[in-house]
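Lettering of chains follows the sequences in order, A, B, ..., and the numbering in each one begins at 1. What you see is a predicted model, and the numbers here were worked out from it, not measured in a lab.
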Protein chains: 4
Amino acid sequence: MSPKVGMEPLRRQQIILAAKDCMLQYGFGHFSIKDVAESATLSTGVIYHYFKNKQDLLVQVLKESFSDTEETVREAVEKHTAFEGKFKSYLEAVADVPKQNPDFYLILLNYIAQSPYNEEVQPLITKFFDHLRTFLEEILEEGVEQDILHPETKPVLSHLVMSQAMGLAFQEQLLPLDNVEYLREEFVRLFQKYIE
Amino acid sequence: MSPKVGMEPLRRQQIILAAKDCMLQYGFGHFSIKDVAESATLSTGVIYHYFKNKQDLLVQVLKESFSDTEETVREAVEKHTAFEGKFKSYLEAVADVPKQNPDFYLILLNYIAQSPYNEEVQPLITKFFDHLRTFLEEILEEGVEQDILHPETKPVLSHLVMSQAMGLAFQEQLLPLDNVEYLREEFVRLFQKYIE
Amino acid sequence: MSPKVGMEPLRRQQIILAAKDCMLQYGFGHFSIKDVAESATLSTGVIYHYFKNKQDLLVQVLKESFSDTEETVREAVEKHTAFEGKFKSYLEAVADVPKQNPDFYLILLNYIAQSPYNEEVQPLITKFFDHLRTFLEEILEEGVEQDILHPETKPVLSHLVMSQAMGLAFQEQLLPLDNVEYLREEFVRLFQKYIE
Amino acid sequence: MSPKVGMEPLRRQQIILAAKDCMLQYGFGHFSIKDVAESATLSTGVIYHYFKNKQDLLVQVLKESFSDTEETVREAVEKHTAFEGKFKSYLEAVADVPKQNPDFYLILLNYIAQSPYNEEVQPLITKFFDHLRTFLEEILEEGVEQDILHPETKPVLSHLVMSQAMGLAFQEQLLPLDNVEYLREEFVRLFQKYIE
DNA sequence: GATGAATGAGCTTTCATTCAT
DNA sequence: TATGAATGAAAGCTCATTCAT
């Protein structure tokens, strides 16, 4: 029927996608390998041909979500050259993640809950946020060089931006917010105050 | 030794505590009723005498965590009478939850991940955050009445405060932050700007 | 239906027996926990109530086989007081194990094959043979004291007796021997030559 | 690289060797066809080109072990012409199998345990021991003809020699014997008594 | 001849829940 | 009230075998 050799990249993607679907549909820890297999219209066996175990598959799902999101933010920033433009577009991009990549925070949420008990996931998450925050610090450094920002503000600001963005996204996941758009704008405004 | 009557409240508390311990030790969904029973030095059977099922027990654990935390914040605010004092102490209390009640956000995290798939937990969480935010809005209303705050700022500010606090707490859970104390102070300062 | 408390000793015995039956019927590694459960007319779950895992159950089966056999030999020897009587009855008892305890060598065979790869079983087997051989050496020591035996003969003789007995039993398991009884008698005679 | 023709004997040998390695490394029943394939740096598929199934492969492994060992013993005996020399060298060769062919008894052990439940293996083992014992009886027959041995001793002696040799080898596999060499010499001496 | 992708039955083990005592 | 024995469904995972290429 179908080819029998060289399926690796296709199948891996197919399975990761199916796992993502299952996670969104049933929630982390509430779907089985059998569910994934059915969702991918494959047998349970193949999954273990491409992934060491369930944990391994789950880690790949997370990795993909992270690299997608990081890329989105970087792309948005790289359209600008001036410090102010970069900073603003970073804020907007970060605030827009839930809109551009709707599943991201739901997936993240599931993994965060596991992270204190999961030696493999914990460093992945830490690295992701560190990357994103370090990227922001690089932008802010330009502001420091141009005397727009006080050097000491840099680390504090980067942390506050990250946590505010995370907090907003999680709230959106949790609560039926009616004024999301407005809150996002306020978020951008709040932090732009720092460079005025 | 022998069966006792009137044990109800004690036993319930004993079991809820044991469940909390298990959750913190093993993570949500990674401990069994047997684990809880052992942790409470009871038999598995007796747990079903006091709780309908595992889900029910879990819900009670969450409820307790919520009411403890809400009380802490209210108590802090009620020490003040002036708007500025109330607002500042609210900010401080909310930022201090991870310090005063170290397990709270770890427990919350576990439930949040489940909430989209759990009809019973979802409204509990929503209600908790609504309470806390509405309480902040009541404080802010005093600021509006005293012309310190623009009426429109009220809802935005309350949401931003909540999400920032949540974001900081989650970041603290996730990442090894070395300057937590300083970030908390910055958080308070950030939002006090709104009423200057 | 049946009692619900204090079943431990009965059930453990019942399950060990069922496991022994399965091993004899299907051979080591060719029966599942489900087979054992069915053979004991129990559910698979109970087995894990009484035994840590399959390996644990298997180890208990072996332990029981060992202690039964050791006891048989000791009892036979203890009927005698004179050295010659003890030695002869030891030889006879050891040669008679396949007859008195027909499953013993079949069970042993199964475990021996596993032993080089099984950290728990290996020392059990070693200990069993050491016990039995040391017991023989204690008997032989009496012969040495009575100047019937040369001291140097003791360890060699004890090893040769053990291996000959083991070899005969395994041959009997493997090959359709028609003159088993006669071989056993020759075995006894062969080693009695040493004390003439 | 590219498919080759006429690979049959080489590949079979390569696979049998890999299977032997796996058996020694993991133990019978604890390695998969994939393990064998990897050990032979081949694909799983090709194994089924040369062997009907796993069982078939296993049988070939055993056959090879048997013919190697039988040959060793025959070669040792054929160096002598006199009865006494033949008998002694037979005893020595048989006692030396564990030294000359270290894996033989470990492999044998694995199959013996399976034999009562395996219609194909059982007769192979029986035949092997019969061959070796019949060969000994042929030697002993010369002793009978030369009036060195009583005719009735022949079958008994051949059985006792075989079982003693087997027993010693298994003991050596199982227990950490410190005086193996000495025991082997005693084994030879023990049975030489019969022809003095 | 050779590959490795794919299957699916079957394995061991866990666990929420029930219930006779 | 309290016990812990018992259930059985369902989980993750393995593996001999097949087969399109």
Side-chain angles (χ1 to χ4, degrees), chain A residues 1-8 10-11 29-37 41-57, chain B residues 1-8 11 29-38 42-57, chain C residues 1-8 10-11 29-37 42-55 57, chain D residues 1-8 11 29-38 42-57:
Chain A
M1 205 124 309
S2 55
K4 286 271 175 172
V5 166
M7 292 273 82
E8 176 121 16
L10 267 83
R11 285 284 180 262
H30 292 306
F31 63 94
S32 66
I33 285 291
K34 217 183 151 200
D35 292 329
V36 177
T41 54
L42 287 168
S43 68
T44 59
V46 241
I47 292 176
Y48 291 88
H49 190 74
Y50 293 106
F51 300 90
K52 218 169 99 291
N53 49 33
K54 192 183 184 183
Q55 156 86 350
D56 179 32
L57 169 57
Chain B
M1 213 88 340
S2 57
K4 304 276 171 57
V5 286
M7 299 298 289
E8 174 108 23
R11 282 276 182 268
H30 292 307
F31 62 94
S32 63
I33 285 290
K34 213 184 156 198
D35 291 329
V36 177
E38 268 162 27
L42 288 169
S43 67
T44 59
V46 83
I47 290 175
Y48 286 84
H49 188 77
Y50 291 106
F51 298 91
K52 216 172 102 265
N53 50 31
K54 194 183 182 183
Q55 155 85 351
D56 179 32
L57 168 56
Chain C
M1 205 121 314
S2 57
K4 286 271 176 175
V5 166
M7 292 273 83
E8 176 121 16
L10 268 83
R11 284 283 180 263
H30 292 306
F31 63 93
S32 67
I33 285 291
K34 217 183 151 200
D35 291 330
V36 177
L42 288 168
S43 67
T44 59
V46 240
I47 291 176
Y48 289 87
H49 191 72
Y50 293 106
F51 298 90
K52 221 169 96 282
N53 50 33
K54 194 184 183 181
Q55 155 85 351
L57 169 57
Chain D
M1 210 88 340
S2 57
K4 303 276 168 58
V5 286
M7 299 297 289
E8 175 108 23
R11 282 276 183 268
H30 292 308
F31 63 93
S32 63
I33 284 290
K34 213 184 155 198
D35 291 329
V36 176
E38 268 163 26
L42 288 169
S43 68
T44 60
V46 82
I47 290 175
Y48 286 83
H49 188 77
Y50 291 105
F51 299 90
K52 217 172 101 263
N53 52 30
K54 194 184 182 182
Q55 156 84 354
D56 179 31
L57 169 57

Quick one: side-chain hydrogen bond (donor to acceptor under 3.5 Å, both in side chains) partners of C:Q55, sequence neighbours excluded? C:N118, C:E120
Shortest non-hydrogen contact between A:M7 and A:Y50, atoms and distance: CB-OH, 3.7 Å
Runs of at least three Watson-Crick or G-U pairs with DNA chain E, cut-off 3.5 Å: E:2-21 with F:2-21
Expressed as a whole number of angstroms, how long is the span from D:R11:CZ to E:dG1:C1'? 9 Å
To the nearest Å, give me how far apart CD (A:E8) and P (E:dG4) are. 11 Å
Residues which pass side-chain hydrogen bond (donor to acceptor under 3.5 Å, both in side chains) with B:H30, listed by chain and number, not counting sequence neighbours: A:Q114
A:K34, NZ atom: more than 12 neighbouring heavy atoms under 6.0 Å: no
Taken in chain and number order and not counting sequence neighbours, the residues that satisfy side-chain contact (heavy atoms from CB on, under 4.5 Å) with A:D56 are A:F51, A:K52, A:N53, A:Q60
Under a 4.0 Å heavy-atom criterion, the protein footprint on nucleotides 8-14 of chain E, written with B, S and -, is BB-SSBB
Interatomic distance, B:F51 CZ vs E:dT17 C1' [rounded to whole Å]: 16 Å
For C:S43, which residues count as a side-chain contact (heavy atoms from CB on, under 4.5 Å) partner, sequence neighbours excluded? C:V46
D:H30 NE2 to F:dC13 P: how many Å, rounded? 20 Å
From CE of A:M7 over to P of E:dA6, roughly how many Å is that when rounded to an integer? 6 Å
Please tell me if C:H49 has a side-chain N or O lying less than 4.0 Å from either OP1 or OP2 of F:dA5. yes
From OH of A:Y50 over to C1' of E:dG4, roughly how many Å is that when rounded to an integer? 8 Å
Value for CD1 (B:I47) from CZ (B:R11), rounded to nearest 0.5 Å, stands at 11.0 Å
